[in-house]
Amino acid sequence: MTPTAARGLTWMRPRWLGRLRLPAQPLVRHLILALGGGALLYLLTVSLSPYNDFEVGEIALYVIALSGLSLLTGVNGQISLGHGAFMAVGAYATALLMTHTHLNFVIELLAAVAAAGILGLVIGIPATRLKGPYLAGMTLLLALALPPIADKWSTAFGGDQGITTTVPSPPGTVNPEEWLAWIQILGALIVLVLLANLLRSRFGRSFRAVRDDEIAASLSGIHVARTKVTAFVISAACAGLAGAFLGLSTGVVNTGEFPLTLSIQLLAAMVLGGTGTLMGMWWGAVLLVYLPQWSTSLSGDFNLGSGASAYLATIIFGVVLIVAMIAAPTGIQGGLRWAWRQVSSIGTEK
Amino acid sequence: MRQSRDTSIRSWARLLVTGALGVTLGATVLAACSSSPKATPAAANVPGVTANSISIGATVPLTGPAAPGYDEIAPAMNAVFGWVNAHGGVDGRKINYNYLDDGYNPANTATLTRKLVLQDNIFADIGSLGTPTQAAVQAFLNTQKVPQLFIESGCNCWSDPKFPYSSGWQPPYTIEGKILGSYMKANFAGKKIGYLFQGDEFGNDFVKGLDMEIPAASVVSRQSYDAATLAGPLSNQMAALKAAGAQVVAMATIPAATALAMLPAAAIGYLPQYVISNVGADTPTVGPLLSSFTQKGGGSAAQAKAATGLLNGVVTDAYFEPEADVSNPWVQVEKKLLQDYAPSLYAKSGLDGNTQYGIALAYTFVQALQKAGKNLTRAGLLAAIASSGKNFVTPGFVPLSYSSSVHFGFEGSQVIKLSSTAPPAVTPSGSWIGSTPVSPVEVTDLGAGPVTKYTGTTSTPPQSLVSTS
Amino acid sequence: MGLFVNITLDGIANGMIFAALALALVLIFRATRIVNFAQGAMGMITTFIASSILGRGIGYWWAFAAVLVIGFVLGALVERVLIRPLQGKSELNPVIVTIGLLVVLEGLAGTIYGNSSRGFPAAYSQSGLTVGHTKVAFSHFDVFILVSVLILMTGTLVLFRATTLGLRMRASAFAGEISRLLGVRVGLLLTLGWALAGVAGSLAGLLVAPTSSFGPYFMDLVLVYAFTAAVIGGLESPVGALIGGLITGLSISYVGGYLGSGLQPLGALVLLMVALMARPEGIFARPPARRV
């Protein structure tokens, strides 16, 4: 094997670029990446229209929910089909505080995190005794069971019309969609940095160890149940914050926003984005936000009868899920990584 | 060797699928970002209005559990706009109606409504459906000063001084409850009454109206159901009503729930006098659902017979002429409009309560446009409705109530009884029991005002509408 | 008293339907250790096909039999095409694939059959039987539900306990490699397991449709309750599916009757959590031996 062949395509890269490295320490590294990403997103929102800003904000909020789910299901191996319920709890917590109290906005958001986290604890403890499909089914039931509670006690929870949410006024001449998007992007970046650090720490290693082999993990000193519950609580807390943000985007919090399909779409988007990854969740979030619009433009293009066209997007979504799982289970992020490895090793011998 | 060939096939498959996903992702993002507004503002800079077009939008459920029946309304509205456009439009402007599917999820409604307003620059949001969905965007639309008109919901919340750009169209549920309650008070005095209602705005507002008329002592049982988890028969509720001895049952139910209440009740031999909100009593919609009471199929005749048997004698109300009344000029006009301008819809659903609703609503909007005149602005549209809404020509039994302070449409209806001797409503799915009026047309308000007889006249369709060709 | 009796009878009838679908879930889990989230939707599609067949004027029992056969074929097809490629990989993949199938089937039903109102006839009269002087909430059709599900259960038990085929199926599920070495055609038997589950799912659809709002989503809640039933009974045991079904049916009937219909899923959740805390493997399952 010649030295040239071993280097592959790296001969194209200038030497000084090769010396550029991100700091080795995870926290600093993640902060720098977050700052860079934040700057990019800021520039993006400033140059886009208010409606696109609104969409970027929605993408950011779904990234939060999906990242938590990726941690729970991808890294820790616990399948959850009920994350819509945690989003609902977070959304209602924030909305109720906004209506009945005058607390600081950030505290109201943290309340969402706390409320959802508590539910995560309640569900996470029995969840430790369940294996994959059993847990999936139980969380499915959770997604169905929780929203009707708000309908039952409609005077407290606003019933059909729901509870209005208020975003704090934007400074100066910033338009409201842009302002909300910044808040949501900031939230997403904070969550991503925290989760990225967590995954690099011994917690992350415990999560993976428990996923791969519970008995071996237990034998090497990891408290399996505690690890699983921790993953659940963190994941639920992320979903709670995302739910609060969803309530802010929608303008109102009512049970119609948290149907079963939300929980299913969250899991699907997480998988399509790349199970277990964090950056892959951006792809998944984009899919979630653009699916309703894509469906209408698609039906317009095909000009089918009203019955056929409305469901076309649903069918395509399902087919994509099936095909992706069979042919490309690592999702978009996994595929990109694989493609990158292929490209950067062109010229090397395998 | 076989293994490496499998691996490389799988790798290529993975690359292909990832590439496809990525391309799809990029394409959707590009498509969504770059979709140009449907109409650039004209010289007067009114969004959605050009010299030869008006763009309006709406969010309605076209998929999902809320879609059955309601997905017919927007296409029926398009039949009216098709007729208008074929005859030169309003002041030379053709109407483009862009209705999007929100699946009855308010989060989708929020996104899609923002798309319509901020990106597609619609002139107004006309005929969007649902209370939770429209409540989610009411503040946004009013802040943006976009008319949110003729909302397809009977919530009391659409006539609110805080939200001057919003208005309703159909009779508010409380008014309907009062009118039916008044009938029950007069005709079922001394009988034990039970309620079955949907546990949301619709049911609660309807019951509020009932309670304003019916003495509390007569109500022996109040049963509710949750729309989101409605999957099977409401046997428990009907059993409870039977156990309480309710001889008359007032129902605020969607058509699916009406059937899921009447079927188990009939199964246990409980056949009270039903009084059902018009939301859940349109016979071509409810009839097929009741046909499962036949055995082993038995053909459409047997099914219709079973449905007729169960529905005969049911009391409900109507605020425009039911589709069964084929001699009525409005019904004839509506049928012709559908046949000419929405033939596939007509072939699928025929003229039923939903398509009639859509046609009447769209025609109301057309008149508002005509009244607003050539110099069309959003404020002008609202002013036109406030000043002239009462004089609009509609199939309704009472005129619209619009004024500068009232943003409700119809505030009256007529109590009718489903009767097997009346001419049936014929649709592509079969022949469904018709009705006869059992009270004069009545009006009332949302408050404690009395239910009074309406003494005015009904309008007939104008000649231009009748001579469609 | 009358109310309690009616609620109980209602619970039994519902419970039997949950048991039928739960049996389908059990059959699949025994064979391939997957929970088929699309089982309800498969039953939904076959029922729509039955509706089309009936619409052409063909007699009910012919449609009934035809649809059971179609369910058999559909189950086999799904296993071959969608599930076989996933063998041996992460347990998340089959969850997503079956959910994808659920979504596709609902979309197909919505597209082909549209959103129009329709009913589905029952095999027998739904009018309640008369006991003494009153009509109770149990009709001829409910008797048919009871009988048909019991026949299905008995058939399954007989197949597994008393036939060679059943023995081979159990062996394939329990120890695939060894069975293969002994000449058992494991792949074919796994497909057969899915096919039988398809029949059970079709039956469940035909039994539910007459009393529900017949549309693309009508089996969704049934699946969720059937899953609860299957888990309570132990995802490996047909008898457990029956007992679990009855427990679930009765529980949610009481919750619905005395607390309100919106709280039924919550009642099922509480039931599931209690059952799993008490006996995580289900009532009728053997605790698994774990290889360390």
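Protein chains get the first letters and strands the later ones, always in sequence-line order, with residue 1 at the start of each.
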Residue pair B/S153 / B/E201, side-chain donor-acceptor N/O under 3.5 Å: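 Not at all, the side chains of B/S153 and B/E201 share no donor-acceptor pair under 3.5 Å.
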If you measure only the distance, is there a donor-acceptor pair under 3.5 Å linking the side chains of B/Y195 and B/Q223?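 Distance-only check fails for B/Y195 and B/Q223.
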Side chain to side chain contact (heavy atoms under 4.5 Å, CB included), paired with B/W158, selected from B/Q134, B/H407, B/Q170: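 It is B/Q134; the other options fail the test.
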Part of A/D151 lying under 4.5 Å from any heavy atom of chain B: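 Both parts, backbone and side chain.
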Closest-packed option against chain A by number of heavy-atom pairs under 4.5 Å, given [options]:
options	result
B/G199, B/A66, B/C157, B/A67	B/C157
B/T63, B/T113, B/N204, B/D200	B/T63
B/A227, B/A107, B/A135	B/A107

With a 4.5 Å cut-off on side-chain heavy atoms, are B/Y357 and B/E152 touching?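 Yes. Closest side-chain heavy atoms under 4.5 Å.
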Below 4.5 Å from any heavy atom of chain A, which atoms of [X] appear? Answer side chain, backbone, both or neither.
X	result
B/T111	both
B/A136	both
B/N105	both

One thing to verify: whether B/K208 and B/D211 come together as a salt bridge, which I'm taking to mean a side-chain N less than 4.0 angstrom from a carboxylate O.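 B/K208 and B/D211: not salt-bridged.
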Residue among A/T45, A/N52, A/D53 satisfying side chain to side chain donor-acceptor pair (under 3.5 Å) with A/S49: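 Exactly one pass, corresponding to A/N52.
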